[in-house]
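Note that this is a predicted model, so its numbers are computed, not measured.
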Amino acid sequence: MAFITAKILLLFSVLSLLQFNLCIGQNVKGGYWFPESGFAASDIDSNLFTHLFCAFANLDPQTYQLTISSTNNASFAQFTKTVQLKNPSVKTLLSIGGGSANKTVFASMAAQSTSRKAFIDSSIKLARYYGFLGLDLDWEYPQAASDMVNLGSLLKEWRTAVAAEATTSGKVALNLTAAVYLAPTLNDLKYPVQSINSNLDWINVMAYDFYDPSWYKFTNSHAALYDPSGQVSGSYGVGAWSQAGVNAKKLVLGLPFYGYAWRLVNANNHGLLAPANGPASADNGAMGYRQIKNFIAQNKAAIVYNSTIVTNYCYAGTTWIGYDDSQSINDKVLYAKQKGLLGYFAWHVGVDNNWALSQQAKQSWGA
Ligand SMILES: *[C@@H]1O[C@H](CO)[C@@H](O)[C@H](O)[C@H]1NC(C)=O
Ligand SMILES: *[C@@H]1O[C@H](CO)[C@@H](O)[C@H](O)[C@H]1NC(C)=O
Ligand SMILES: *[C@@H]1O[C@H](CO)[C@@H](O)[C@H](O)[C@H]1NC(C)=O
Ligand SMILES: *[C@@H]1O[C@H](CO)[C@@H](O)[C@H](O)[C@H]1NC(C)=O
């Protein structure tokens, strides 16, 4: 009797150990790196991440093959080796496109099966040649209903090709992901949700850039988690994607490691939704977290945390900055975990401040 009990107990502990291992293998603590940030890949503390995205490869406008600029070639070729020095199990993905890539070229590539094939074959070849463990599509953004349909075909053919390549090469299949808009409907166009859910390993939901000082004349968080009065929030986006049919386990929540600086109309009116008249710094007011922390220290800025919408902001004189500090990152990561999402990703690792936000995110998620 006691023997059987011991055996059953042993079985249970082996099972729970297995389950535990599966669980810790199954989340994404991600971050994007891009060389134009001026931050060296060798300086990334890769222990704080499970996945690192190397951004961006681009499409050749004639052949539709994937290319890496000659400026970035050497650092991309070394990226996986470089970041695996500190953490041999960190996974790397080659990210394609980005906000400044030419969307017309993506649309034409996706429109024909021959150009889709040229893209797909070259992407797999390049990923293998450079030692990446996955590919990440950042098409920002499809602009017509036909683009969305073609995107659906592209993802299906890409998945088929990646699976076939794994069989032929005997290697583990490349992961396929995409960075997508906050919600599955973008300017009345619907993402191909079914194809996304069945062909991608996960999507990175870009839950930021809701407002910026160049066009929005009030102070605000550009990445609030909650919006009590509307549909402009990370939780709205996550809910909309999962309602549309993407499994929560395929959703990865975006965390911005940057904020926006507004110029206040009146230095004494410095709350949320205070009147503002444009950016308070270069680059449309966009500021990396490290830069914001320096601003706070130099100007003895006041810091506020608003847990209703989940944002930090700070102000000094007529400068007002909405951004994510440790408290917002903590609340967002706890939200992602509680909703059963696959994980989170940061845009971008080069602007963290001594790894404070990356560490906070990792710690808040836990194992
Ligand atoms: C890019 O880097 C790879 C790997 O180091 C090398 O084989 C290739 O020749 C380089 N291409 C260019 C255009 O520099
Ligand atoms: C984008 O690509 C299209 C097609 O190749 C080209 O006609 C257009 O000039 C490009 N736009 C920019 C801004 O480079
Ligand atoms: C990434 O790809 C591997 C190999 O195909 C797969 O086992 C794993 O589940 C994928 N990751 C996710 C999070 O889907
Ligand atoms: C937090 O923000 C919300 C939404 O703007 C606002 O209604 C609330 O008063 C703020 N809370 C605090 C403590 O400032």
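Side chain of T219 to backbone of L273: a donor-acceptor contact under 3.5 angstrom is found. Checked by atom type and distance alone, the side chain of K91 never pairs as donor or acceptor with a backbone atom of L133 at under 3.5 Å. One N or O on the side chain of T50 and one on the backbone of K29 form a donor-acceptor pair closer than 3.5 Å. Put simply, the side chain of W365 never gets that close to the backbone of K337: no donor and acceptor are under 3.5 Å apart.
Shortest non-hydrogen contact noted between S221 and Y211 is O-CD1, 3.3 Å. Shortest non-hydrogen contact noted between A267 and H270 is O-CD2, 3.2 Å. Between L48 and S358, the shortest heavy-atom distance links the atoms CD1-CB, 3.8 Å. Contact between A41 and T82 at its shortest, heavy atoms only, is C-CG2, 3.9 Å. When all heavy atoms are compared, the tightest approach of L135 to S123 is CD1-OG, 3.5 Å.
Contacts classified as ring pair (Phe, Tyr, Trp, His ring centres under 6.0 Å) and involving residues 92-128 (residues at least two apart or in different chains) are given here: F106-W139, F119-W158.
For the residue pair Y130 and N73, a side-chain donor N or O sits within less than 3.5 Å of a side-chain acceptor on the partner. Between the side chains of Q360 and S364, at least one donor N or O sits under 3.5 Å from an acceptor N or O. Residues D60 and T67 bring no donor and acceptor atom of their side chains to less than 3.5 Å of each other.
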Might you work through the side-chain contact (heavy atoms from CB on, under 4.5 Å) test for L272 and N220, ending with a clear yes or no?
-> CA-CA 6 Å; L272 282 160; N220 212 334; 4.2 Å; yes
Give the C-alpha distance, both sets of side-chain angles, the deciding distance and a yes or no for side-chain contact (heavy atoms from CB on, under 4.5 Å) between L255 and V333.
-> CA-CA 9 Å; L255 307 174; V333 170; 3.9 Å; yes
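Residues H222 and Y258 place their aromatic rings such that the two centres sit under 6.0 Å apart.
Residue P256 forms a side chain to side chain contact (heavy atoms under 4.5 Å, CB included) with just one option from H348, K332, M206, and that option is K332. Of the listed residues (N204, L93, V349), just one forms a side chain to side chain contact (heavy atoms under 4.5 Å, CB included) with Y32, and that residue is N204. Checking W33, F34, F53 one by one against W347, the ring pair (Phe, Tyr, Trp, His ring centres under 6.0 Å) holds for a single residue, F34.
A salt bridge does not link D43 with K86: every distance from a Lys NZ or Arg NE/NH1/NH2 to an Asp or Glu carboxylate oxygen is 4.0 Å or more.
Annotation: the span from S122 atom OG to Y64 atom OH amounts to 12.5 Å, rounded to 0.5 Å.
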